[in-house]
Amino acid sequence: MPELPEVESARSVLERSALGRRIVAADDTDGWVCRPHPPGEIALALVGTELTAAHRRGKTLWCDTPGGPVLGIHLGMSGKIVIADADGREVDGGDHWEFGRQPGDFRFSRFSLDFADGGVLHLVDPRRLGRIRLDPPLDALGPDAALVTAAEFGERLGWSRAPVKARLLDQHVVAGIGNLLADEILWRAGLVPGRPVDGLTPAERRRLHRTVRSTVDDALHDGGVHTLPLVPHRRPGGRCPRDDAELCRATVGGRTTFWCPAHQR
DNA sequence: TATAGTGTTATCGG
DNA sequence: ACCGATAACACTAT
């Protein structure tokens with residue numbers, strides 16, 4: 001289940017295995033995943049063309065077509081991009097963060113593109129929280145969390161009374177931070193997730209920006225959010241890997257949140 | 001068996 | 001208008 005690093009990995013699958021292949025059919029019949037498009041609308045727009053570039057900002061992916069619409073792809077919580085060859089064998093994608101799915105299992109394919117050579121691109125998404133749409137709105141997304149500058153971050157973080165974690169999870173503020181990444185960032189920055197943003201000192205705000213950047217860089221470089229130090233300890237009874245205190249647990253920003261009572265203030 | 005969950009969006013109420 | 005909480009989506013893991 002993807003956060004920014006896993007979505008970047010899906011983008012590289014698209015770039016490596018989907019670009020420049022002529023599309024001969026598309027299955028867009030899942031009306032929930034493909035909303036608001038009626039069945040057939042996405043297929044009509046894509047058949048006969050090809051994908052020419054794969055982009056990402058935060059957790060949102062999109063592909064260009066020559067002179068045609070942009071194909072927007074969001075993986076949601078359980079989506080992944082899997083490429084199969086003409087014999088149905090998986091040749092790219094699908095090998096990360098999943099619910100024990102076996103290669104070649106396309107029961108939960110919610111959208112697919114058939115290429116002229118017999119290859120197939122699948123959006124495999126058991127929970128149907130992912131989304132496919134033409135010309136997705138991208139303007140509301142904040143800057144990518146791997147690239148955001150201190151000035152942009154400070155401006156978009158704002159000075160409301162909202163819990164700092166709720167602001168980090170808001171994709172309009174910064175794009176790409178999910179629940180695990182947010183807990184890791186606040187743990188590294190030494191901030192309690194429930195702290196109101198308007199109570200942060202200038203030094204704490206600067207430290208938070210630097211920690212966003214370094215944590216996302218680490219996760220990208222090391223192969224995903226699971227490689228971050230706090231993440232394996234985020235469970236009831238888990239202890240802080242820095243000082244061994246039992247982690248606190250609460251709902252913050254609508255999501256289950258863990259933090260260390262010893263070093264997060 | 002019951003519950004929680006790595007995401008987003010619409011809607012409701014303060 | 002801003003902000004936060006909640007439900008919906010549907011399946012898997014504990």
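Proteins come first, then strands; the chains are lettered A, B, ... in the order of their sequence lines, and each starts at number 1.
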Item to check | d(CE, A/Met77; P, C/dC11) in whole Å | outcome: 14 Å
Item to check | Phosphate OP1/OP2 of B/dA4: any A/Arg249 side-chain N/O under 4.0 Å | outcome: no
Item to check | Value in whole Å for how far the P atom of C/dA13 lies from CZ of A/Arg127 | outcome: 12 Å
Checklist entry - So, is A/His74 close to the B/dG7 phosphate, meaning a side-chain N or O under 4.0 Å from OP1 or OP2? => result no
Item to check | Any donor-acceptor N/O pair, A/Glu3 side chain to A/Val225 backbone, under 3.5 Å | outcome: no
Checklist entry - Does anything in residues 162-170 of chain A reach DNA chain B, meaning a heavy atom under 4.0 Å, and if so which residues? => result none
Item to check | For DNA chain C, the dot-bracket pattern of Watson-Crick and G-U pairs whose distances stay under 3.5 Å, | for other-strand partners | outcome: .||||||||.||||
Checklist entry - Please, which pairs that meet side chain to side chain donor-acceptor pair (under 3.5 Å) have at least one residue in residues 145-156 of chain A, sequence neighbours excluded? => result A/Thr149-A/Glu152
Checklist entry - Which of these nucleotides, B/dG5, B/dG7, C/dC11, is closest to any side-chain atom of A/Arg255? => result B/dG7
Checklist entry - When we call it a touch if two heavy atoms are under 4.0 Å apart, what does A/Ser160 touch: a base, just sugar-phosphate, or nothing? => result sugar-phosphate
Checklist entry - Taking only residues at least two apart or on different chains, which pairs with a member in residues 12-21 of chain A satisfy salt bridge (charged side-chain N to carboxylate O under 4.0 Å, His left out)? => result A/Arg11-A/Glu15, A/Arg16-A/Asp92, A/Arg21-A/Asp117
Distance-only criterion, 3.5 Å: show the donor-acceptor pairs between side-chain atoms of residues 190-200 of chain A and protein atoms not counting sequence neighbours.
{"residue": "A/Arg195", "atom": "NH1", "partner": "A/Glu204", "partner atom": "OE2", "Å": "3.4"}
{"residue": "A/Arg195", "atom": "NH1", "partner": "A/Arg265", "partner atom": "O", "Å": "2.7"}
{"residue": "A/Arg195", "atom": "NH2", "partner": "A/Gly199", "partner atom": "O", "Å": "3.4"}
{"residue": "A/Arg195", "atom": "NH2", "partner": "A/Glu204", "partner atom": "OE1", "Å": "2.6"}
{"residue": "A/Arg195", "atom": "NH2", "partner": "A/Glu204", "partner atom": "OE2", "Å": "3.3"}

Checklist entry - Over how many whole Å does the gap from A/Phe108 atom CZ to C/dA10 atom C1' extend? => result 9 Å
Item to check | P gap between C/dC9 and B/dT1, integer Å | outcome: 23 Å
Item to check | Separation of atom CZ in A/Arg101 from atom P in C/dA13, rounded to whole Å | outcome: 13 Å
Item to check | ring-ring contact (aromatic ring centres under 6.0 Å, His included): pairs with one or both residues in residues 228-264 of chain A, sequence neighbours excluded | outcome: A/Trp187-A/His263
Next on the checklist: According to side chain to side chain contact (heavy atoms under 4.5 Å, CB included), who are the partners of A/Arg213, at least two apart in sequence or on a separate chain?
Outcome noted: A/Val148, A/His209
Checklist entry - Which ring-ring contact (aromatic ring centres under 6.0 Å, His included) pairs, counting each pair once, include a residue from residues 130-149 of chain A, with sequence neighbours left out? => result none
Tell me which donor-acceptor pairs under 3.5 Å the side chains of residues 37-52 of chain A have, and how far apart each pair is, sequence neighbours excluded?
{"residue": "A/His37", "atom": "ND1", "partner": "A/Glu41", "partner atom": "OE1", "Å": "2.6"}
{"residue": "A/His37", "atom": "NE2", "partner": "A/Leu134", "partner atom": "N", "Å": "2.8"}
{"residue": "A/Thr52", "atom": "OG1", "partner": "A/Asp64", "partner atom": "O", "Å": "3.3"}

Checklist entry - Between A/Lys80 (NZ) and C/dC11 (C1'), how many Å, whole number? => result 11 Å
Checklist outcome for this item: From the candidates C/dC9, B/dG7, C/dC11, the one with an atom nearest any side-chain atom of A/Arg110 is C/dC11
Next on the checklist: Any side-chain N or O of A/Gln171 below 4.0 angstrom from OP1/OP2 of B/dT8?
Outcome noted: yes
Item to check | A/Glu246 side chain to A/Pro236 backbone, donor-acceptor under 3.5 Å | outcome: no
Item to check | Side-chain N or O of A/Thr256 closer than 4.0 Å to phosphate OP1/OP2 of B/dG5 | outcome: yes
Checklist entry - Which atoms form the tightest heavy-atom contact between A/Leu129 and A/Asp125, and what is the distance? => result N-OD2, 3.1 Å
Checklist entry - A/Arg234 CZ to B/dA4 P: how many Å, rounded? => result 14 Å
Item to check | Qualifying ring-ring contact (aromatic ring centres under 6.0 Å, His included) pairs with a residue from residues 6-34 of chain A, counting only residues at least two apart or across chains | outcome: none
Item to check | Length of the CG-P vector between A/Leu4 and B/dT8, whole Å | outcome: 11 Å
Could you pull out the protein-nucleic contacts involving nucleotides 9-14 of chain B (nitrogen or oxygen on both sides, under 3.5 Å)?
none

Item to check | Sequence neighbours excluded, every pair satisfying ring-ring contact (aromatic ring centres under 6.0 Å, His included) that has a member inside residues 42-68 of chain A | outcome: A/His55-A/Trp62
Checklist outcome for this item: In whole angstroms, the gap separating C1' of C/dC9 from CG of A/Leu129 amounts to 5 Å
